[in-house]
Engineer: 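Before anything else, here's the structure in question.
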2 protein chains.
Amino acid sequence: MLPGMEPGAQPRWLDPDERETWLALIKVLLRVPATLDAQLQRDAGISLFEYLVMAALSEAPERTMRLSDLAARAEGTLSRLSQAVARLEKRGWVRRRPDPNDGRATLGILTDEGYRQVAGGAPAHVEAVRQHVFDPLTKAQQRHLREIAERINATTGPDRRKADRF
Amino acid sequence: MLPGMEPGAQPRWLDPDERETWLALIKVLLRVPATLDAQLQRDAGISLFEYLVMAALSEAPERTMRLSDLAARAEGTLSRLSQAVARLEKRGWVRRRPDPNDGRATLGILTDEGYRQVAGGAPAHVEAVRQHVFDPLTKAQQRHLREIAERINATTGPDRRKADRF
DNA sequence: ACGTTTTACTTGCATGTTGAAGTTTTTCGG
DNA sequence: CCGAAAAACTTCAACATGCAAGTAAAACGT
């Protein structure tokens with residue numbers, strides 16, 4: 001029972017228009033990340049999540065970031081991040097170092113080899129993003145998309161995440 | 001290195017506008033499914049994927065579908081679906097039956113109890129969809145969103161799974 | 001100053017997912 | 001028709017993830 005049918009109930013069902021929108025959106029929501037994941041896995045041997053982590057580091061001052069900031073940036077739990085960093089560390093692309101300013105914190109640092117890895121993989125990734133997201137849209141649609149996404153992000157803010165959250 | 005910097009390369013980098021759009025979009029792509037997943041897990045004890053499977057069945061004639069069609073509808077691999085159906089079968093919400101018309105195929109059938117489960121969970125799910133997607137948008141934006149999503153789906157079509165390198 | 005909370009991770013376990021076989025049934029080319 | 005290829009699953013082993021605990025260091029309240 002996808003939202004949008006079944007009368008006789010009090011909840012605000014989706015009307016036919018909203019329903020169509022929702023069906024189209026959920027496809028995007030599930031397909032685009034899967035597509036990018038597949039592309040990265042194939043061309044660079046890493047997951048989208050791992051790419052986001054390294055990409056964030058590559059843009060940070062000193063290519064360094066606190067793990068909790070990294071987790072937020074990559075939209076994942078700290079637990080997930082911790083294990084992702086462990087994997088990247090084994091591959092020699094990231095290393096850990098205790099934060100001198102806060103004994104609780106750990107810093108993740110992108111190594112030179114890690115930087116090369118991201119830099120090497122980025123072009124193909126960008127191309128995939130273009131191909132699957134930007135190219136099919138008009139300039140006006142790209143503008144709309146940005147506004148829509150920002151609006152949604154404003155409400156879907158950092159609420160969820162049961163554990164790792166306190 | 002998120003798309004949008006580093007000159008001196010031949011690939012078409014994202015310009016600052018595109019970059020902002022992409023950053024906003026990827027947040028949506030990662031957060032919205034996670035949010036809905038959490039909501040369903042919490043309120044109904046099932047994953048988004050399982051919900052999509054049961055929802056698809058609930059709308060099908062005889063509440064019955066071939067597993068491969070189900071997999072396509074829920075945007076997952078057959079392997080994933082097979083195991084999801086196994087779980088739902090254990091809970092008594094779905095049962096399997098060989099397709100009389102094709103000895104290779106298996107049909108998935110939503111039981112009465114399964115139907116009650118979906119019907120019971122749907123209102124809260126719809127409410128979550130509204131809250132996180134539709135409510136923050138104007139009517140015009142909802143219209144745009146639909147067009148955008150349809151456009152993207154048209155290209156990101158079923159190429160998925162497996163390389164297309166040569 | 002000191003006990004309590006909060007923050008920042010790490011780790012172990014149960015579970016879910018992927019990818020590569022393996023099985024059975026259909027379909028297709030000749 | 002017949003043998004080869006494809007389609008529709010199922011299963012198994014690696015691997016990734018979420019959740020619940022556990023540890024350690026700062027912050028906080030009195």
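The chains referred to below are lettered A, B, ... by the order of the sequence lines, with proteins before strands, and numbering in each begins at 1. Note that the structure is predicted; figures quoted are calculated from it, not measured. The analysis underlying the following values was restricted to heavy atoms, covering all of them including side chains, and did not include hydrogens, waters or symmetry mates.
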Engineer: Can you confirm whether the side chains of Glu18(A) and Thr21(A) place a donor and an acceptor under 3.5 Å from each other?
Structural biologist: no
Engineer: Between Gln41(B) and Leu67(B), which residue's closest nucleotide on DNA chain D lies nearer the 5′ terminus?
Structural biologist: Leu67(B)
Engineer: At 4.0 Å (heavy atoms only), tell me whether Leu78(B) reaches a base, stays on the sugar-phosphate, or touches nothing.
Structural biologist: base
Engineer: Please check if the side chain of Ser82(A) supplies one atom and the backbone of Arg80(A) the other of a donor-acceptor pair under 3.5 Å.
Structural biologist: no
Engineer: So, the side chain of Thr111(B) versus the backbone of Trp93(B): is there a donor-acceptor pair under 3.5 Å, distance only?
Structural biologist: yes
Engineer: Just the rounded figure in Å: distance from C1' of dC15(D) to CZ of Arg91(A).
Structural biologist: 13 Å
Engineer: What is the distance, to the nearest angstrom, from the CZ atom on Arg66(B) to the P atom on dT25(C)?
Structural biologist: 14 Å
Engineer: dC9(C) P sits how many Å from Glu89(A) CD, rounded?
Structural biologist: 13 Å
Engineer: I want to check something: taking the side chain as every heavy atom from C-beta on, are Ile152(B) and His132(A) in contact at a cut-off of under 4.5 Å?
Structural biologist: no
Engineer: Figure out the CG/P separation between Leu48(B) and dG18(D), and round it to whole Å.
Structural biologist: 14 Å
Engineer: Can you spot which of Gln142(A), Arg146(A), Lys139(A) makes a side chain to side chain donor-acceptor pair (under 3.5 Å) with Asp17(B)?
Structural biologist: Arg146(A)
Engineer: It should be established whether Ser68(A) places a side-chain nitrogen or oxygen under 4.0 Å from OP1 or OP2 of nucleotide dT7(C).
Structural biologist: no
Engineer: Looking just at side-chain N and O atoms, do Gln131(B) and Asp135(B) make a donor-acceptor pair shorter than 3.5 Å?
Structural biologist: no
Engineer: Could you check how far CG of Leu81(A) sits from P of dG18(D), rounded to whole Å?
Structural biologist: 11 Å
Engineer: Would you say Leu57(A) and Val94(A) make side-chain contact, with heavy atoms under 4.5 Å?
Structural biologist: yes
Engineer: Going 5' to 3' through nucleotides 12-17 of chain C, assign each nucleotide B (protein heavy atom under 4.0 Å from a base atom), S (under 4.0 Å only from sugar-phosphate atoms) or - (no protein heavy atom that close).
Structural biologist: B---SB
Engineer: Think Ser82(B) has a side-chain N or O under 4.0 angstrom from the OP1 or OP2 of dC9(D)?
Structural biologist: no
Engineer: What are the residues of residues 93-109 of chain A, sorted by number, that bring a heavy atom to within less than 4.0 Å of DNA chain C?
Structural biologist: Arg96(A), Arg104(A), Ala105(A), Thr106(A)
Engineer: Please report, rounded to the nearest Å, how far the P atom of dT17(D) is from the CD atom of Glu75(A).
Structural biologist: 15 Å
Engineer: May I have the distance from Asp69(A) (atom CG) to dA8(C) (atom C1'), rounded to whole angstrom?
Structural biologist: 11 Å
Engineer: Please verify the inter-ring angle class for His144(B) with His144(A); under 30° counts as parallel, over 60° as perpendicular, anything in between as tilted.
Structural biologist: parallel
Engineer: Take Leu14(A) and Arg130(B), measure what side-chain contact (heavy atoms from CB on, under 4.5 Å) needs, and give me the verdict at the end.
Structural biologist: CA-CA 8 Å; Leu14(A) 300 182; Arg130(B) 279 198 177 286; 3.9 Å; yes
